[in-house]
Amino acid sequence: MSRKRSAPKKIPVVDPKYKSTIIPKLINSIMYDGKKITAERIIYEAMEKIKSKSKDEPIKVFNEAINNLKPSVEVRSRRVGGATYQVPVEVKSNRSQALAIRWLIDASRKRKDKKMSDKIFNEIYDAYQSRGSAIKKKEDTHKMAESNKAFAHFRW
């Protein structure tokens, strides 16, 4: 890390089709081997399926799904003496968004549908309705933080 000055903040890229800053992050996260056009096609197909199934705008459904997936607390390992404690801490907004995208992609990759666009569409729609394996991951994280609330005084 440089001692002279901090790195400048990056300007978030805006998606040309939906005017969103989260969609490019999702596209970059889903991309394999630098094949961005393939990743874009997968996401845009999923958005078209959302448009056909839902009466709302697809970007609105997607944003609501991401908001449903964002965790508010998580546990971090903290070593005190010889013991390691799982200490609950609040999650910053950037990290919660990154976790939501990561959980959405992991859950969709584990689904049993044929095409990746179907998997992403089903997982986004499940998250929009507050169900599915990505939501279960968020709830498990919250349960873990709740059960380790006794160690909150070790927070740093």
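All of these numbers come straight from a predicted model, not from anything done at the bench.
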* Asked: Is the closest basic N to carboxylate O distance between E48 and K17 below 4.0 Å?
  -> yes
* **Interatomic distance, I37 atom CD1 to M31 atom CE [nearest 0.5 angstrom]** => 10.0 Å
* Under the 3.5 angstrom rule, does the side chain of S54 hit a backbone N or O of I50 as a donor-acceptor pair? -> no
* Spacing of N63 atom CG and S20 atom OG [to the nearest 0.5 Å] -> 5.5 Å
* Asked: Should I22 and V61 be regarded as members of a common hydrophobic cluster, given that ILVMFWY residues are connected when their side-chain heavy atoms come within less than 4.5 Å of each other, either directly or indirectly?
  -> yes
* Return yes if some donor-acceptor pair links the side-chain N/O of R109 with the main-chain N/O of I30 below 3.5 Å, else return no. => yes
Show me the side-chain donor-acceptor pairs of residues 118-125 shorter than 3.5 Å, one per line, residues at least two apart or across chains.
{"from": "D118", "atom 1": "OD1", "to": "K49", "atom 2": "NZ", "distance (Å)": "2.1"}
{"from": "N122", "atom 1": "ND2", "to": "D113", "atom 2": "OD2", "distance (Å)": "2.6"}
{"from": "N122", "atom 1": "ND2", "to": "D118", "atom 2": "O", "distance (Å)": "3.1"}
{"from": "E123", "atom 1": "OE1", "to": "R111", "atom 2": "NH1", "distance (Å)": "2.7"}
{"from": "E123", "atom 1": "OE2", "to": "A134", "atom 2": "N", "distance (Å)": "3.4"}

* To do: Any chance you could lay out the side chain to side chain donor-acceptor pair (under 3.5 Å) test for D15 and Y44, step after step, and finish with the verdict?
  => CA-CA 11 Å; D15 183 59; Y44 290 148; 2.5 Å; yes
* To do: Could you walk me through whether V89 and E74 pass side-chain contact (heavy atoms from CB on, under 4.5 Å), step by step?
  => CA-CA 6 Å; V89 292; E74 67 177 342; 4.1 Å; yes
* Asked: Hey, does L69 have a side-chain heavy atom less than 4.5 Å from the side chain of I101?
  -> no
* Using the ring-ring contact (aromatic ring centres under 6.0 Å, His included) rule, collect all pairs that involve residues 90-112, keeping only residues at least two apart or in two chains. => none
* Asked: Does some side-chain heavy atom of E146 sit less than 4.5 Å from a side-chain heavy atom of H142?
  -> no
* Rounded distance (nearest 0.5 Å) linking atom OG1 of T21 with atom CG of L26 -> 12.0 Å
* Drop me the distance from K35's NZ to R41's CZ, to the nearest 0.5 angstrom. => 10.0 Å
* No-hydrogen, no-angle side-chain donor-acceptor test under 3.5 Å, E90 and S72 -> no
* Is there a side-chain contact between Q129 and I135, using heavy atoms and a 4.5 Å cut-off? -> no
* Asked: For A145 and V75, which heavy atoms make the closest approach, and how far apart are they?
  -> CA-CG1, 3.6 Å
* Where the side chain of K138 meets the backbone of N68, is there a donor-acceptor pair that is under 3.5 Å apart? -> yes
* Side-chain heavy-atom pair P58, Y18 within 4.5 angstrom cut-off -> yes
* To do: Taking all heavy atoms of Q86 and all of P88, pick out the closest pair and write down the distance.
  => O-CD, 3.7 Å
* Asked: What about I11 and V14, same hydrophobic cluster or not, with Ile/Leu/Val/Met/Phe/Trp/Tyr joined at side-chain heavy-atom distances under 4.5 Å?
  -> no
* Beyond-backbone contact of I23 with I59, side-chain heavy atoms, under 4.5 angstrom -> yes
* Asked: Which residues satisfy the side chain to side chain contact (heavy atoms under 4.5 Å, CB included) test with K70, sequence neighbours excluded?
  -> I66, N67, S96, Q97, A100
* Asked: Same cluster or not: are I105 and L99 linked, directly or through other Ile, Leu, Val, Met, Phe, Trp or Tyr residues, by side-chain heavy atoms under 4.5 angstrom apart?
  -> no
* Structure fact -> One should read off an interatomic distance between D126 CG and S133 OG, to the nearest 0.5 angstrom, of 7.5 Å
* If you round to the nearest 0.5 Å, how far is NZ of K136 from OG of S130? -> 15.0 Å
* Looking at K51 and E57, does any basic side-chain N land under 4.0 Å from a carboxylate oxygen? -> no
